[in-house]
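Residue numbers run from 1 in the order of the sequence given. Note: hydrogens, waters and symmetry copies are ignored here, and every other heavy atom, side chains too, is used.
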Amino acid sequence: MLRPGLHRQHGKQGGGGGGAKGIYAKLIIAVVVLLVCMLSLLFSATISGNRGSLQHSEINAEELWESAKSGGWKPSSAPRSDWPPPPRETNGYLRVRCNGGLNQQRSAICNAVLAARIMNATLVLPELDANSFWHDESSSLRQLAIVTCGAFEIKCAATIIFFFSGFQGIYDVEHFIRTLKYDVRIVESIPEIRKNGKTKKIKGHQLHPPRDAPIEWYTMVALKKMQEHGAIYLTPFSHRLAEEIDNPEYQRLRCRVNYHALRFKPNIMKLSESIVDKLRAQGHFMSIHLRFEMDMLAFAGCFDIFNPEEQSILKKYRKENFADKRLVYKERRAIGKCPLTPEEVGLILRAMGFDNSTRIYLAAGELFGGERFMKPFRDLFPRLENHTSVDSSEELVTNTRGLLGSAVDYMVCLLSDIFMPTYDGPSNFANNLLGHRLYYGFRTTIRPDRKGLAPIFIDRENGRTAGFKQSVRHVMLKTNFGGPHKRVPPESFYTNSWPECFCQVSPKNPADKCPPDNVLEILDNRLENEDPETLAEKNSSSMTER
């Protein structure tokens, strides 16, 4: 490595102009070659270190109990630019029916508020599809409600109404309306009008929005019908507004809805906080969304690990609920399209350094295959809990079905120290939680790279177990543990709202600067200037239109 320097000294002693030029030219070439070699060695060492032993780049399980590094970012969905309040006179009323499970409906509510803002419409409190639940199995959940009625000797009619009470039964309505007063006008129902001495209700003109409709569809097609009829009814309303919108203020409005306005009712918050307090009384705890359930397994086409009877059930479910498609298990498995088994989840965590004293809260429906698949996981992590095992009181047993059960699990997972989704593909529950935890302060998430892990598990199944833990850690080191990161398709805005819904106190880019501390005061002043009656209305439990 010292040869270039010695060569240069020899050149100086030799004199000779032409010779000196040649030596200097060779010296420059040598230096360039040396730099290339050094960079090459550095790159090779890095690759070698990643692919081989991870002694100098280990995952520290203890550090994962803390939130991820924020890089100076903090959550903020307040407007950054001029944001006029909703005018008193709107273009009409917007009704929507949000279909799907709790978290699909949650995204739809965010879209409904944004659509109302875009059209300068008064939003009627969104309707939640009573036939859609966590697994979209309304009939089985209704049957469960009836069975529960019998078990506790209570009137079924009242219980079913409680289970299927829509927006008012899940979310805090007054908080929702109050939080969004700077953005849209919201009423619980379309008011009656008097015409020709008669009182009648405005009927919403029904429209079927296209999937991922652009803003232009709302400002042209939907708005025109609203102005014609006074109200429109959009149904179904799931994924009916494009996620990627080139307007940061619109995206921030979605975050205000999702992370501030949509607050569960006090009884749900109390149940959730009670569970979290009991879990945390014994230290840190991790939550896992174990998506090893019939609907997801049938969707993925991963049948071969089950017995003939179970395969028959999965194939029947797939035929009845999903489009016909040729799916080969080995091909799906090799590219990570199959949900992780409970045992694989346990092996990943043990490879990352979590021991059998780790307390885990399971948010999951009924696991397909039952105890046969759960036992290996329980052997690795015996301290497994769910909402009924933490608190088996009658209130929890009777009040955590359908949307309510999903809401409690959502809050416990949001507040847990670590969250791990085992299948974050078409899973609204996992994807929304990932986004909420990011906004909640970059709370740690463990997102297994199923594609990267698949060949490692296949080797293990075939008896090739040498270096298994190191290989798992090598894959997991390349994943994001909850810090700010660029959103890359197909990642959803609801999974990662960075950077639109975040800011920096001392930014390099002025667009990332946090809004002033008195931003709410500014918005209040604008609202009062637009509507003198706001001060009288804002402490009222109902709006004048109701």
Side-chain angles (χ1 to χ4, degrees), residues 50-51 54 57-61 63-65 68 285-293 296-297 299-302 305 329 332-355 358 360-365 367-368 373-374 376-378 380-381 384 409 413 416-438 442-461 465 467-483 485 488 490-492 495-496:
N50 286 340
R51 291 181 178 173
L54 296 174
S57 56
E58 287 286 350
I59 293 174
N60 186 333
E63 291 180 359
L64 292 178
W65 291 113
F285 78 97
M286 175 190 304
S287 61
I288 297 179
H289 186 220
L290 196 56
R291 202 68 169 93
F292 196 73
E293 297 151 332
M296 194 52 63
L297 289 162
F299 171 82
C302 300
I305 59 174
Y329 171 75
R332 305 282 290 172
R333 176 91 166 96
I335 58 174
K337 292 296 184 181
C338 289
L340 295 169
T341 68
E343 182 180 22
E344 289 171 343
V345 174
L347 291 170
I348 292 169
L349 293 175
R350 291 300 286 268
M352 292 177 67
F354 294 98
D355 60 30
T358 304
I360 296 175
Y361 178 89
L362 289 180
L367 266 67
F368 194 75
F373 286 94
M374 271 305 296
F377 187 25
R378 190 175 287 106
L380 291 167
F381 291 96
L384 298 179
D409 278 342
C413 290
S416 64
D417 300 295
I418 297 173
F419 172 61
M420 180 181 184
T422 64
Y423 194 78
D424 56 346
S427 173
N428 293 294
F429 183 92
N431 289 329
N432 281 18
L433 264 168
L434 289 169
H436 205 155
R437 287 177 64 86
L438 192 77
F442 304 105
R443 300 175 78 83
T444 299
T445 57
I446 297 175
R447 302 175 67 176
D449 176 0
R450 295 191 308 278
K451 186 175 181 179
L453 292 167
I456 301 170
F457 282 119
I458 291 171
D459 282 346
R460 183 178 181 275
E461 291 164 9
T465 58
F468 172 78
K469 288 187 176 181
Q470 291 87 346
S471 297
V472 170
R473 288 199 295 272
H474 163 59
V475 171
M476 294 305 297
L477 269 169
K478 293 189 274 185
T479 63
N480 180 283
F481 290 111
H485 60 282
V488 178
E491 190 174 35
S492 164
T495 302
N496 178 13

**OP:** Ignoring hydrogens and angles, tell me if any N or O in the side chain of Thr422 forms a donor-acceptor pair with the backbone of His289 under 3.5 Å.
**Re:** yes
Original post:
Tell me, do Val345 and Leu290 make a side-chain contact under 4.5 Å, heavy atoms counted?
Top reply: yes
Subject >> Sequence-distant partners of Glu491, side-chain contact (heavy atoms from CB on, under 4.5 Å), two or more places apart >> reply: Arg447, His485, Arg487, Thr495, Asn496
Original post:
Side-chain contact, heavy-atom cut-off 4.5 Å: Ile446 with Met476?
Top reply: yes
Original post:
Got a second to check how far Tyr361's OH is from Asp409's CG, nearest 0.5 Å?
Top reply: 3.5 Å
Subject >> Partner residues of Ser416 under the side-chain hydrogen bond (donor to acceptor under 3.5 Å, both in side chains) criterion, sequence neighbours left out >> reply: Ser287, Arg437
Original post:
With distance as the sole test, does Asp417 use its side chain to make a donor-acceptor pair with the main-chain N or O of Met286 at under 3.5 Å?
Top reply: no
Original post:
Among all residues two or more places apart in sequence or in another chain, which pass the side-chain hydrogen bond (donor to acceptor under 3.5 Å, both in side chains) test with Asp449?
Top reply: none
**OP:** Specify the closest pair of heavy atoms between Leu453 and Pro448, including all atoms of both residues, with the distance to one decimal.
**Re:** CD1-CB, 4.0 Å
Original post:
Could you state the interatomic distance from CZ (Arg443) to CG (Leu438), rounded to the nearest 0.5 Å?
Top reply: 12.0 Å
Subject >> Parallel, tilted or perpendicular: ring planes of Trp65 versus Phe354, cut at 30 and 60 degrees >> reply: perpendicular
Subject >> Cys338: disulfide (SG to SG under 2.5 Å) partners, not counting sequence neighbours >> reply: Cys302
**OP:** Supply the atom-to-atom distance His474 NE2 to Ile59 CD1, rounded to the nearest 0.5 angstrom.
**Re:** 11.0 Å
Original post:
Does Leu384 have any side-chain contact (heavy atoms from CB on, under 4.5 Å) partners at least two apart in sequence or in another chain, and if so, which?
Top reply: Ile360, Leu362, Met374, Phe377, Arg378, Phe381
Original post:
Roughly how far, to the nearest 0.5 Å, is OG1 of Thr341 from CD1 of Ile305?
Top reply: 6.5 Å
Subject >> Results of ring pair (Phe, Tyr, Trp, His ring centres under 6.0 Å) for Phe468 - residues two or more places apart only >> reply: Phe457
Subject >> Under the ring pair (Phe, Tyr, Trp, His ring centres under 6.0 Å) test, residues paired with Phe292 that sit two or more places apart >> reply: Phe306, Phe373
**OP:** Would you give the length of the straight line joining atom CG of Leu64 to atom CG of Leu349, rounded to the nearest 0.5 angstrom?
**Re:** 10.0 Å
Original post:
Do the side chain of Arg450 and the main chain of Pro339 share a donor and acceptor less than 3.5 angstrom apart?
Top reply: no
Original post:
Under the side-chain contact (heavy atoms from CB on, under 4.5 Å) test, which residues partner Ala454, sequence neighbours left out?
Top reply: none
**OP:** Would you please name every residue forming a ring pair (Phe, Tyr, Trp, His ring centres under 6.0 Å) with Phe481, sequence neighbours left out?
**Re:** none
Subject >> Set of residues satisfying salt bridge (charged side-chain N to carboxylate O under 4.0 Å, His left out) with respect to Arg333, sequence neighbours excluded >> reply: Glu344, Glu461
Original post:
Taking all atoms of both residues into account, what is the closest heavy-atom pair of Leu433 and Cys413, and its distance?
Top reply: CD1-CB, 3.5 Å
Subject >> Closest non-hydrogen atom pair, Pro421 against Leu434 >> reply: CG-CD2, 4.2 Å
Original post:
In Å and rounded to the nearest 0.5 Å, what is the CG to CD1 distance from Asp459 to Ile456?
Top reply: 8.0 Å
Subject >> Set of residues satisfying side-chain hydrogen bond (donor to acceptor under 3.5 Å, both in side chains) with respect to Arg332, sequence neighbours excluded >> reply: none
